[in-house]
Amino acid sequence: MVLRFVVILCCIKLISSFVSYQPEQVHLSYGGNPYEIVVMWSTTNQTNESVVEYGIGGLIKQATGLSTLFVSGDNETRSQYIHRVTLLQLTPRSKYVYHCGSDQGWSDLFWFMTSSDESTWTPQLAIFGDLGNENARSLPHLQEEVQRGMYDAILHVGDFAYDMDSENGLIGDEFMKQIQPISAYVPYMTCPGNHEEAYNFSNYRARFNMPGNSEGLWYSFNMGPVHFISVSTEVYYFLEYGLKLVTKQYAWLEQDLQV
Ligand SMILES: *[C@@H]1O[C@H](CO)[C@@H](O)[C@H](O)[C@H]1NC(C)=O
Ligand SMILES: *[C@@H]1O[C@H](CO)[C@@H](O)[C@H](O)[C@H]1NC(C)=O
Ligand SMILES: *[C@@H]1O[C@H](CO)[C@@H](O)[C@H](O)[C@H]1NC(C)=O
Ligand SMILES: *[C@@H]1O[C@H](CO)[C@@H](O)[C@H](O)[C@H]1NC(C)=O
Ligand SMILES: [Fe+2]
């Protein structure tokens, strides 16, 4: 007679929290001028520093920035630290490599090309809106084409993730991870749509950093001979967030068009 013993080792550990200093959701945008690039990323836990190591051909320079705590608007709080570092005085039309993080954890190595300073330069852009976490049909094509160097920048004109605030911001986090193969390589310039409205556009304003200090909802920037202006039509629609935003944006637009 053979006795068979089946031993089931049951190892149950209820994981209620974990620690991560590892950068994720890495994305770029233009800073105050075409030769400034803002690098952003998130970590679950607070790090001692927010650092970008970068350079043409190697990680020879270092820039530091700040992080801010972002808590999703829902009652079940999910929090993350969103880091922001600006790279200044970059050389035009050059390929930079970089990684971001801190001594507690670094991202993968990424690269980006800076703008040209020639007025004859013809920038190439992909312009789209309405890209969700689910059914993101264009995403693999954009990831492929960006990494083949087809675009100098992306313009995503509203409606992200459907929606970034959903499931306590988890959908937003997943979306930011999905676009990293794009947004870590070219400036990912954005404007808010109606799907960003929750909690006074807080997910949009926390996760993206566009040039200027204009309430985070409208801005302009230059690429070669082109002056791009991004205005929010949502300020007319969600008046509960402040009627003042309508007049502020209008005054800003008038002034921007004069420069
Ligand atoms: C890391 O972040 C998690 C999630 O916010 C939190 O529960 C945990 O206490 C943090 N740990 C440390 C060491 O900060
Ligand atoms: C958060 O809690 C407050 C007070 O309990 C409640 O009024 C509000 O509806 C809740 N918000 C959400 C998004 O669940
Ligand atoms: C982070 O800062 C704390 C407090 O200053 C220090 O004890 C710790 O060693 C630092 N960690 C790293 C990885 O530098
Ligand atoms: C909503 O956010 C904007 C900044 O984008 C701020 O100016 C406005 O006062 C906020 N409105 C409310 C009702 O909190
Ligand atoms: Fe839409």
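Numbering of ligands and ligand atoms starts at 1, following listing order. None of these values were measured; they are calculated from a predicted model. The figures here come from the full heavy-atom set of this structure, side chains too, leaving out hydrogens, waters and symmetry mates.
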Backbone or side chain, does any N or O of Arg205 fall under 3.5 Å from an N or O of ligand 4? yes
Tell me yes or no: between the side chains of Ser115 and Tyr30, is some donor less than 3.5 Å from an acceptor? yes
The closest protein heavy-atom partner of atom 8 (C) of ligand 4 is Tyr241 O, 3.6 Å
Heavy-atom proximity to atom 10 (C) of ligand 1 ranks first, among Thr43, Thr44, Asn45, for Asn45
Ser94 side-chain N/O to Pro92 backbone N/O, donor-acceptor pair under 3.5 Å: yes
Do Arg207 and Asp165 sit within salt-bridge range, that is, some charged N less than 4.0 Å from a carboxylate O? no
Give me the residue, atom name and distance of the protein heavy atom closest to atom 4 (C) of ligand 4. Glu215 OE1, 3.1 Å
Enumerate the atoms of ligand 4 whose separation from the nearest heavy atom of Leu245 is less than 4.0 angstrom. 7 (O)
As an exercise, identify every atom of ligand 1 less than 4.0 angstrom from a heavy atom of Phe18. 1 (C), 2 (O), 3 (C)
Residues Tyr185 and Gln180: side-chain donor-acceptor under 3.5 angstrom: no
Here the pair of heavy atoms bringing Arg78 nearest to Asp173 is NH2-OD2, 2.8 Å
The Fe ion (ligand 5) to Asp159: nearest N/O/S atom name: OD2
Check this for me - ligand 1, Tyr21, N or O atoms closer than 3.5 angstrom, yes or no? no
Shortest-distance N/O/S atom, Asp130 versus the Fe ion (ligand 5): OD1
Counting non-hydrogen protein atoms only, what is the nearest one to atom 1 (C) of ligand 4? Give residue, atom name and distance. Asn200 ND2, 1.6 Å
Within a strict 4.5 Å, meaning less than it, do heavy atoms of the Ser50 and Tyr81 side chains meet? no
Are Leu142 and Phe128 packed together at the side-chain level, in the sense that at least one heavy-atom pair is separated by less than 4.5 angstrom? yes
